[in-house]
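Let me begin by presenting the structure, written as C-alpha cells, before commenting on it.
Residues: numbered from 1 along the sequence shown.
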Amino acid sequence: MSLINKINVFIDGNEGTTGLELENKLKKRKDIRILKIDEEKRKDLDEKSKIMDEADVIFLCLPEAAAIETVKIAPKNKIVIDASTAHRIDYDWVYGLPEISKEQKLAISNSKRISVPGCHATGFISLVYPLVKAGFISSATYLSCTSITGYSGGGKYLINKYETENINAPMPYSLGLMHKHLPEMQIMCDLANPPHFLPIVGNFFRGMLVTVPIFGEKSFTVNEIWAALARHYNDSRFISVKHFAAESHTTDGFLNPTLCNETNNMDIFVFGHDEQMSLIARLDNLGKGASGAAIQCMNIALGLSEDTEL
C-alpha cells in the first residue's frame with residue numbers, strides 16, 4: 001500500500017459520467033488519494049505512464065479504443081479496472097460481477113485486470129445466471145430482455161439532448177439488435193444464442209429496470225424460480241430478492257425504476273404466475289451499473305470489505 005496508508009487512485013477519463021461519479025464517491029474517503037493529471041496532458045501517454053507508476057489502482061473511464069491503448073502502458077503490477085466495453089469478454093480479464101459465484105469474487109480478489117460490467121448486462125446476468133446454473137433455464141433457451149434506463153446512461157451527449165430538447169417520452173434504441181452489451185450477456189450466462197434485447201431510454205436521469213420474461217415452462221413454478229434466486233443471493237451484501245408479493249413493491253400497480261438510486265444496491269423481483277413470469281432487476285445505472293460496481297471491485301481486489309464506503 002502507499003505512504004501514510006493511503007491508496008493512490010488514478011481515474012483516467014474523470015470528465016465522463018462514470019468518471020465523475022467515481023471521483024465524487026472516492027474523494028469522500030479518508031483512505032483514498034486521487035492522483036490528477038494536467039488537463040492539457042490528459043492524452044499524453046508519457047504523462048499518463050508517470051501517474052500510473054504512482055497509482056495503486058487505475059480506473060479507465062474511456063472510449064474503447066482509448067482504453068485499449070492505455071492498458072498497453074499500464075504497469076502489470078497495478079490494479080486496472082476498466083469501465084469500457086473493451087475487455088468484458090477478454091479471458092485475460094476478470095468480469096467484475098462478484099455476486100454470480102464465490103469463484104468469481106475470488107477471481108476478482110486475485111486479479112490485476114478487472115472489467116466493469118455494462119449496466120443492462122448487470123441486471124440481465126443477475127437474473128439469468130443463477131437459473132441457468134440451477135437448471136431452470138437451458139443454455140439453448142431463446143431469451144428476450146427489455147431494459148429501461150435513465151438518460152444519464154448515454155453520457156454527456158444524451159444528457160444534453162434530453163435536458164435541452166425537453167424530451168418527455170421514453171425512446172427505444174439499438175433497434176438493429178446489436179447492442180454492445182449482448183456479448184457479455186450471452187457469454188456470462190453460457191447461452192447458446194444472444195437474447196433478443198430491447199433497450200429503452202427513459203425520460204428520467206438515473207435508475208433502471210431490466211426485465212426478462214419466462215414463458216410456458218411446466219417443469220417449475222413461479223415460487224420455485226423465486227426461491228432459487230433467493231437462495232443464490234441469500235448472503236449478498238448488495239443484491240436483494242424481494243418477497244413474492246407484487247402489491248407490496250408497487251405504487252398503484254407501478255414499479256418505480258429509481259428506488260435504488262444513489263446506491264450500489266440491486267432489487268430483484270419475480271412477478272406473474274406459473275405460466276408466465278417477469279423477472280425484474282432494479283438498479284442505479286450509475287451505481288451498481290457503473291461506478292458503484294467499479295468501487296466494489298476495487299475494494300475486493302485490495303482485500304477490503306466489499307461494502308467499504310458503499
Restricting to non-hydrogen atoms, name the atom on [X] and the atom on [Y] that form the minimum distance, rounded to 0.1 Å.
X      : Y      : result
Ile187 : Tyr91  : CG2-OH, 3.6 Å
Ser236 : Ile239 : OG-N, 2.9 Å
Ile81  : Ile79  : CG1-CG2, 3.9 Å
Ala83  : Arg88  : O-NH2, 3.0 Å
Cys119 : Leu283 : O-CD1, 4.1 Å
Ile114 : Trp93  : N-CE3, 3.4 Å

Open item on the list: If only side-chain N and O atoms count, and only distance matters, is there a donor-acceptor pair under 3.5 Å linking Asn8 with Arg33?
Closed with: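 Yes, a side-chain donor-acceptor pair sits under 3.5 Å.
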- [ ] Using distance alone, with no hydrogens and no angle criterion, decide if Ser84 and Asp82 have a side-chain donor and acceptor under 3.5 Å apart.
- [x]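 Short answer, yes.
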Output the distance between atom [atom1] ([X]) and atom [atom2] ([Y]), rounded to the nearest 0.5 Å.
X      : Y      : atom1 : atom2 : value
Leu182 : Cys145 : CG    : SG    : 9.0 Å
Arg237 : Ser305 : CZ    : OG    : 8.0 Å
Phe124 : Met185 : CZ    : CE    : 4.5 Å
Leu310 : Met298 : CG    : CE    : 8.0 Å
Leu22  : Ile11  : CG    : CD1   : 5.0 Å
Thr211 : Met277 : OG1   : CE    : 15.0 Å

Pair [X] and [Y], ring centroids less than 6.0 Å apart:
X      : Y      : value
Phe197 : His181 : no
Phe10  : Phe59  : no
His249 : Phe269 : yes

Do NZ/NE/NH1/NH2 and the carboxylate oxygens of [X] and [Y] come within less than 4.0 Å?
X      : Y      : result
Glu165 : Lys161 : yes
Lys48  : Asp12  : yes
Glu54  : Lys50  : no
Glu262 : Arg206 : yes

- [ ] Apply the test side chain to side chain donor-acceptor pair (under 3.5 Å) to residues Thr258 and Asn256: give CA-CA distance (whole Å), side-chain angles for both, the deciding distance (0.1 Å), then the verdict.
- [x] CA-CA 6 Å; Thr258 68; Asn256 189 333; 2.7 Å; yes
So [Y] and [X], do their side chains get closer than 4.5 Å, heavy atoms only?
X      : Y      : answer
Ile268 : Leu279 : no
Phe271 : Ile280 : yes
Met208 : Pro257 : no
Ser144 : Pro213 : yes

Test your reading of the model: is there a side-chain donor-acceptor pair from [X] to the backbone of [Y], 3.5 Å cut-off?
X      : Y      : value
Ser126 : Thr122 : yes
Asn234 : Ala230 : no
Ser291 : Leu286 : yes
Ser174 : Leu177 : no
Ser49  : Asp46  : no
Thr141 : Ser138 : yes
Glu224 : Thr221 : yes
Arg113 : His87  : no
Asn299 : Thr308 : yes
Asn110 : Leu106 : yes

Task: Working for salt bridge (Lys or Arg N to Asp or Glu O under 4.0 Å), residues Lys105 and Glu99 - done: CA-CA 7 Å; Lys105 186 173 181 179; Glu99 288 89 356; over 6 Å; no
Open item on the list: If you apply the rule ring-ring contact (aromatic ring centres under 6.0 Å, His included), what do you find for Tyr151 with Phe205, and how did you get there?
Closed with: CA-CA 5 Å; Tyr151 58 78; Phe205 185 74; 5.5 Å; yes
- [ ] With salt bridge (Lys or Arg N to Asp or Glu O under 4.0 Å) as the test, would you mind laying out the steps for Glu23 and Lys28 before giving the verdict?
- [x] CA-CA 9 Å; Glu23 183 164 353; Lys28 300 174 184 177; over 6 Å; no
- [ ] Give me the one residue out of Thr18, Asp284, Asn285, Thr17 that meets side-chain hydrogen bond (donor to acceptor under 3.5 Å, both in side chains) with Ser152.
- [x] Asn285
Open item on the list: Which residues pass the side-chain hydrogen bond (donor to acceptor under 3.5 Å, both in side chains) test with Glu64, not counting sequence neighbours?
Closed with: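 side-chain hydrogen bond (donor to acceptor under 3.5 Å, both in side chains) list for Glu64, sorted by chain: Thr85.
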Open item on the list: Going by the rule salt bridge (charged side-chain N to carboxylate O under 4.0 Å, His left out), which residues pair with Lys78 if we only count those two or more places apart in sequence or in a different chain?
Closed with: none
Open item on the list: Run the side chain to side chain donor-acceptor pair (under 3.5 Å) test on Tyr95 and Glu184 for me, step by step, so that the C-alpha distance in whole Å, both residues' side-chain angles and the decisive distance to 0.1 Å come before the verdict.
Closed with: CA-CA 9 Å; Tyr95 194 73; Glu184 58 190 291; 2.5 Å; yes
TODO: Go through Asn264 and Gln296 one step at a time and tell me if the side chain to side chain donor-acceptor pair (under 3.5 Å) criterion holds.
DONE: CA-CA 8 Å; Asn264 194 51; Gln296 182 183 358; 3.0 Å; yes
Open item on the list: If you apply the rule side-chain contact (heavy atoms from CB on, under 4.5 Å), what do you find for Leu175 with Leu198, and how did you get there?
Closed with: CA-CA 7 Å; Leu175 298 175; Leu198 179 65; 3.7 Å; yes
Open item on the list: Please check if the number of heavy atoms outside Tyr142 that lie under 6.0 Å from its OH is greater than 12.
Closed with: no
- [ ] Please determine which of Val222, Ile137, Leu127 meets the side-chain contact (heavy atoms from CB on, under 4.5 Å) test together with Ile214.
- [x]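 Exactly one option meets the side-chain contact (heavy atoms from CB on, under 4.5 Å) with Ile214, and it is Ile137.
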- [ ] For Ser139 and Val132, run side-chain contact (heavy atoms from CB on, under 4.5 Å): C-alpha distance rounded to whole Å, both residues' side-chain angles, the deciding distance at 0.1 Å, then the answer.
- [x] CA-CA 7 Å; Ser139 293; Val132 173; 3.9 Å; yes
